[in-house]
Amino acid sequence: MHELAVCQALIEQVERIAREQGARRVLSITVSVGALSGTEARLLEHAYPIAAAGTVGAEAALVVESVPVTVRCRECRAETEVAPNRLLCGACSDWHVDVVAGEELLLRRVEFETAGAAIH
Amino acid sequence: MCRDCGCSLGPSAARAPFATQPAAASHGHVESIEVITAILDANDQVAAHNRSHFDAHGVLAVNLMSSPGSGKTSLLEATIRALQGELDVAVIEGDLATENDAARIRACGVPAVQITTGNACHLDAQMVHEALHELPLAGLDVLFIENVGNLVCPASFDLGAHLDVTLLSVTEGDDKPAKYPVMFRAGDLTLITKVDLLPHIEEFSVERARESLRHVGFGGRILEVSKRGGDGLAAWLDWLRSEVASRRAAAA
């Protein structure tokens, strides 16, 4: 289960951003997880609290946007959503396809609370 | 400080700045920032560093991945023996708990560094970087990195190797690529191993395995190998020789 290692890398990035932005605590973290990224969204959610314990992100909600696999056919040019183990064009069944989405494992957005702004 | 290269990568690697875009939306005391960063960016940077180490020494680095027991160490033993006097080889071994595999490789007369990962189910670029400190690259032709036996986790971590080789033994079933698409798709070469056992395993069809690989988008070469009998390794050794030659040509 490498999702813990992925969460630890994620927390390091979030801690850096929190420092740069002067955040007091992080409220939510949005990530994109492609079906071909090799990372399971559900396992990521389970691992997150373990990796985040004692950090600025300890109370943050982890929002996982799951991205299905989309391929573009080199023959008929159609873009179709497919299963990760069946990278064939959904329109013409040709296997000469390029993956255009579904490989990503990205940090997209961090929502946080700043200490200074709390005066409002 | 890395003593080989003078870089600042210590046990916890130094990170380059993030490409954050502070186009933050402000909601009173709550703010948000949009970023688009690879979560494994830090690993990828260390991997790129490892790769430049290999390039600087003209070494071809090959990452071997498979499930446990599909024949990675046996393949290495047979490969080292076959290439003795022709190519200089070293091995980084990844294992959860034992030094057994490194001992087997050393018995073949080549240097081997064991990385014991503890509970980690995969090697990452930082572990390889630390292992490189114990392994002189000068004079080497090929560095094999034998990943932890696991068809899931190692696929997500770039180690800095030039080529990823995935093994699929005929005792595992010809539908393994369909079950582990991320791993098999990521490889540059798939070796169908233990093909000497094919007459005894009627469930395994090489044709079905090839079709399964095509369906997960694997675009590399597929070679059938066996360490037993005749020229079972010939195609693999030829592939290796030609990759070493192209690496040398690129370095020249």
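No experiment lies behind these values; they were computed from the predicted model shown. What's counted below: heavy atoms across the whole structure, side chains too, no hydrogens, waters or symmetry copies. Chain letters run A, B, ... following the sequence lines, proteins first, then strands; residues in each count from 1.
- With a threshold of 4.5 angstrom between heavy atoms, Ser37(A) approaches chain B through N, CA, C or O but not through any side-chain atom.
- The greatest number of non-hydrogen atom pairs below 4.5 Å with chain B, out of Leu36(A), Val26(A), Leu4(A), Leu27(A), is found for Leu36(A).
- Within the 4.5 angstrom heavy-atom criterion, no atom of Glu104(A) approaches chain B.
- Residues Phe157(B) and Asp124(B) come closest through the heavy atom pair CD2-CB, 4.0 Å.
- For the residue pair Arg108(A) / Ser32(A), a side-chain donor-acceptor distance below 3.5 Å is found, with atom types taken as modelled.
- Here the closest heavy-atom approach between residue Pro177(B) and residue Ala209(B) is recorded as CG-O, 4.4 Å.
- The contact between Ala178(B) and chain A is made by backbone and side chain atoms together, counting heavy-atom distances below 4.5 Å.
- Using cut-offs of 30° and 60° for the angle between ring planes, the Trp239(B) and Trp236(B) rings count as parallel.
- With a 4.5 Å cut-off on side-chain heavy atoms, Phe54(B) and Leu137(B) count as touching.
- There is no contact between Val97(A) and chain B, counting heavy-atom distances below 4.5 Å.
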